Amino acid sequence: MAAFWLISIIVLVLLSGESNANPAASQQSQLDVNHRKPLQTFRPYNIAHRGSNGEIPEETTAAYLRAIEEGADFIESDILATKDGHLICFHDVILDATTDIANRTEFANRKRTYEVERQNVTGWFVVDFTLEELKSLRVKQRYNFRDQQYNGKYQIITFDEYILIALYADRVVGIYPELKNPIFINEHVKWSDGKKFEDKFVQTLLKYGYKGEYMSEDWLKQPLFIQSFAPSSLIYMSNMTNSPKIFLIDDTTVRTQDTNQSYYEITSDAYLAFIRKYIVGIGPWKDTIVPPINNYLGPPTDLVARAHALNLQVHPYTFRNENMFLHFDFHQDPYLEYEYWLGEIGVDGLFTDFTGTLHRFQECTTPYPKNEKNAEALLQKIYYMLKDSGY
C-alpha cells in the first residue's frame with residue numbers, strides 16, 4: 001500500500017499549480033523516471049481493463065493504482081474528449097451509468113439525444129461538458145453487485161493524469177488507451193487549430209515520449225498499445241506514430257462504426273492480411289472466438305490460428321470473476337477460465353476486471369524465471385533475430 005500512496009502523491013505534486021483546463025502542461029519535457037523492474041514479456045499480458053474495476057470504480061486513479069499494486073502489465077483506458085477539447089478517461093459517451101450526474105440539478109437541462117453508431121442515445125453527454133464541470137462530478141461503480149463503498153470518492157481523470165500514473169509507478173507499467181468513438185467525437189468537438197481527435201490523441205502520447213515499434217528499446221522503456229474499434233482511425237494514426245496498434249473487434253452482430261463493415265468482413269483472411277500492415281494484433285470479444293451455446297462453450301473458431309498465422313497477437317476481452325460472466329464449463333472458477341484461454345486457446349494477452357486474480361494464476365502457472373533480467377534480455381534478443389530474418 002505504500003507504493004499506492006507514493007504514486008498518488010507524485011501525481012498530485014506534478015499536477016499541482018495547473019488549472020483543470022491544462023493539467024501537467026509544464027511537466028512533460030522534464031519527465032525522466034528511473035524504473036527498476038522491466039515489463040515482463042515472457043508470458044501473456046495482464047491488461048487491467050479500466051483499472052482494477054472489479055473492486056474500485058472504473059477509470060479512476062484508485063482503480064489504476066490498485067491494478068498496478070496487483071501486478072498488471074498494462075493499464076487500459078478509454079479516451080474521450082470534453083466540450084472544451086481536453087482528453088479524459090471515460091468509457092461511455094454519456095455520463096449516466098458511472099457518475100452522479102442525475103443528482104446534479106444544475107446540469108438537469110443538459111440532457112440530450114444524439115445519434116451514436118447509427119442509434120439514437122439519450123443522456124448527459126461528455127461532449128456537452130467542460131473539463132472543469134466534469135471534474136466536479138463523482139464516479140460510481142457500474143455494477144450494483146460490486147462493492148459500492150467507493151462510490152462518490154473519485155473524480156474523472158484526464159489522459160495526462162492516467163499517463164503519469166503509469167510513468168511514476170515503481171516498475172515499468174504499460175498503457176493501453178483506446179481512441180473511443182472517434183466518429184462521434186470529431187462530429188461534436190472542434191479544436192481551434194483544426195486538428196482531429198486522432199491528432200490530439202497521438203500528440204499527447206508523443207508529448208510524454210511514447211514511441212517505437214513493438215519490442216523496440218523505446219517501446220520497452222514506455223510500453224504502449226493503441227487500440228480502437230475504428231480501422232480508419234488506426235490507419236490514420238499509423239502516419240503519425242509507429243507505436244503498436246490493436247484492432248478491436250465487437251460482437252458478430254455489430255458493424256464497424258466508421259467503415260460500416262460486418263464482423264465477417266473484418267475477420268476474413270483478406271481483410272486481416274490488409275489491416276496487418278497497420279496493426280500488431282486484434283482484440284476480439286471472447287465469445288466470438290469461442291461462441292457459447294446455452295452458456296456452455298461451443299467449438300472454438302479458427303480466428304486465433306488465422307491471426308497467429310499472420311503474426312498478429314490476440315488480446316480478447318473481457319474476463320470477469322463473477323459467476324454471471326463465467327460459462328458453465330468453468331464451474332464458477334475464474335482460474336479454470338484462464339487455464340482454458342491461456343492453455344488451450346493460446347491467446348497473447350487478456351483484458352480483465354480482476355487484475356489480481358489473473359496475476360495470481362500466472363504466478364502459480366508461469367512464474368518469473370529465477371534470473372529474470374537474463375530471461376528478458378534473451379527473449380528480446382530472440383525477437384530481433386526473428387524479425388531480422390523476416391519471420
Side-chain angles (χ1 to χ4, degrees), residues 23-25 27-33 35 38-39 41 45 47 73-81 85-89 158-167 172-183 185-186 189 191 193-249 256-259 272 274-283 310-313 315 348-349 351 380 383-384 387:
Q27 299 300 331
Q28 62 274 11
S29 62
Q30 301 173 14
L31 202 59
D32 183 17
V33 182
H35 293 293
L39 177 76
T41 55
Y45 295 125
I47 306 161
D73 299 316
F74 288 83
I75 52 174
E76 187 265 354
S77 187
D78 307 276
I79 308 303
L80 293 170
H86 298 288
L87 304 190
I88 62 167
C89 297
T158 64
F159 195 10
D160 295 78
E161 290 169 317
Y162 158 75
I163 289 172
L164 289 174
I165 291 168
L167 289 179
V172 174
V173 175
I175 61 171
Y176 208 128
E178 178 187 345
L179 185 87
K180 196 76 177 177
N181 294 100
I183 300 298
I185 294 297
N186 280 319
V189 181
W191 284 270
D193 58 4
K195 297 291 186 180
K196 296 172 57 177
F197 183 30
E198 291 88 341
D199 299 313
K200 295 297 183 179
F201 181 93
V202 173
Q203 285 173 4
T204 303
L205 293 168
L206 295 175
K207 178 175 70 173
Y208 286 101
Y210 285 93
K211 59 184 178 181
E213 296 180 350
Y214 179 63
M215 291 294 286
S216 67
E217 184 178 353
D218 286 328
W219 186 87
L220 288 166
K221 288 178 181 177
Q222 294 182 210
L224 159 72
F225 287 110
I226 294 170
Q227 55 172 331
S228 182
F229 285 99
S232 60
S233 292
L234 291 170
I235 294 170
Y236 180 86
M237 290 186 289
S238 294
N239 295 319
M240 295 182 282
T241 177
N242 62 352
S243 292
K245 299 163 191 70
I246 301 291
F247 178 32
L248 299 174
I249 299 174
T256 53
Q257 59 187 260
D258 54 341
T259 57
L272 290 175
F274 160 73
I275 199 67
R276 72 184 292 261
K277 294 180 289 186
Y278 307 99
I279 63 174
V280 300
I282 57 174
L310 293 170
N311 203 27
L312 292 172
Q313 295 188 43
H315 300 173
D348 309 288
F351 289 84
Q380 292 168 26
Y383 173 82
Y384 284 114
K387 184 178 180 182

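Model, not experiment: these values are computed from the prediction.
What you find for V172 and L39 is that their closest heavy atoms are CB-N, 3.7 Å. When all heavy atoms of G85 and V189 are compared, the closest pair comes out as CA-CG1, 4.0 Å. Shortest non-hydrogen contact noted between F247 and L234 is CA-CD1, 3.7 Å. Nearest heavy-atom pair across I185 and L80 is CD1-CD2, 3.9 Å.
D160 places none of its side-chain heavy atoms less than 4.5 Å from the side chain of H86. In this structure the side chain of N181 never reaches within 4.5 angstrom of the side chain of F197, judged on heavy atoms. Within the 4.5 Å cutoff, side-chain heavy atoms of P231 are placed close to those of T256. At a threshold of 4.5 Å between non-hydrogen side-chain atoms, the residues I226 and E198 do not count as touching. Looking at heavy atoms from C-beta onward, I235 lies in side-chain contact with I275 at the 4.5 angstrom threshold. Contact annotation: the side chain of Y210 approaches that of L167 to within less than 4.5 Å [non-hydrogen atoms, C-beta and beyond]. When side chains are defined from C-beta on, P182 does not count as touching D258, because their heavy atoms never get closer than 4.5 Å.
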Side chain to side chain contact (heavy atoms under 4.5 Å, CB included) between D199 and W191, intermediate numbers included: CA-CA 10 Å; D199 299 313; W191 284 270; over 6 Å; no

Derivation and outcome, side chain to side chain contact (heavy atoms under 4.5 Å, CB included), residues I165 and V173: CA-CA 9 Å; I165 291 168; V173 175; over 6 Å; no

Intermediate values then yes/no, side chain to side chain contact (heavy atoms under 4.5 Å, CB included), L224 and T241: CA-CA 11 Å; L224 159 72; T241 177; 5.6 Å; no

Working for side chain to side chain contact (heavy atoms under 4.5 Å, CB included), residues F229 and E178: CA-CA 8 Å; F229 285 99; E178 178 187 345; 3.2 Å; yes

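The CG atom of L206 sits 8.5 Å away from atom CE of M240, with the distance rounded to the nearest 0.5 Å. Atoms CD1 and CD1, on I282 and I249 in that order, are 4.0 Å from each other to the nearest 0.5 Å.
One side chain, T158 or E161, offers a donor N or O that lies under 3.5 Å from an acceptor on the other.
Of the candidates K180, E76, K245, E76 is the only one forming a side chain to side chain donor-acceptor pair (under 3.5 Å) with Q227.
Between F74 and W219, the ring planes lie tilted relative to each other; the angle falls in the 30° to 60° range. The aromatic rings of H315 and Y45 sit perpendicular, their planes meeting at an angle over 60°, well past the 30° parallel limit.
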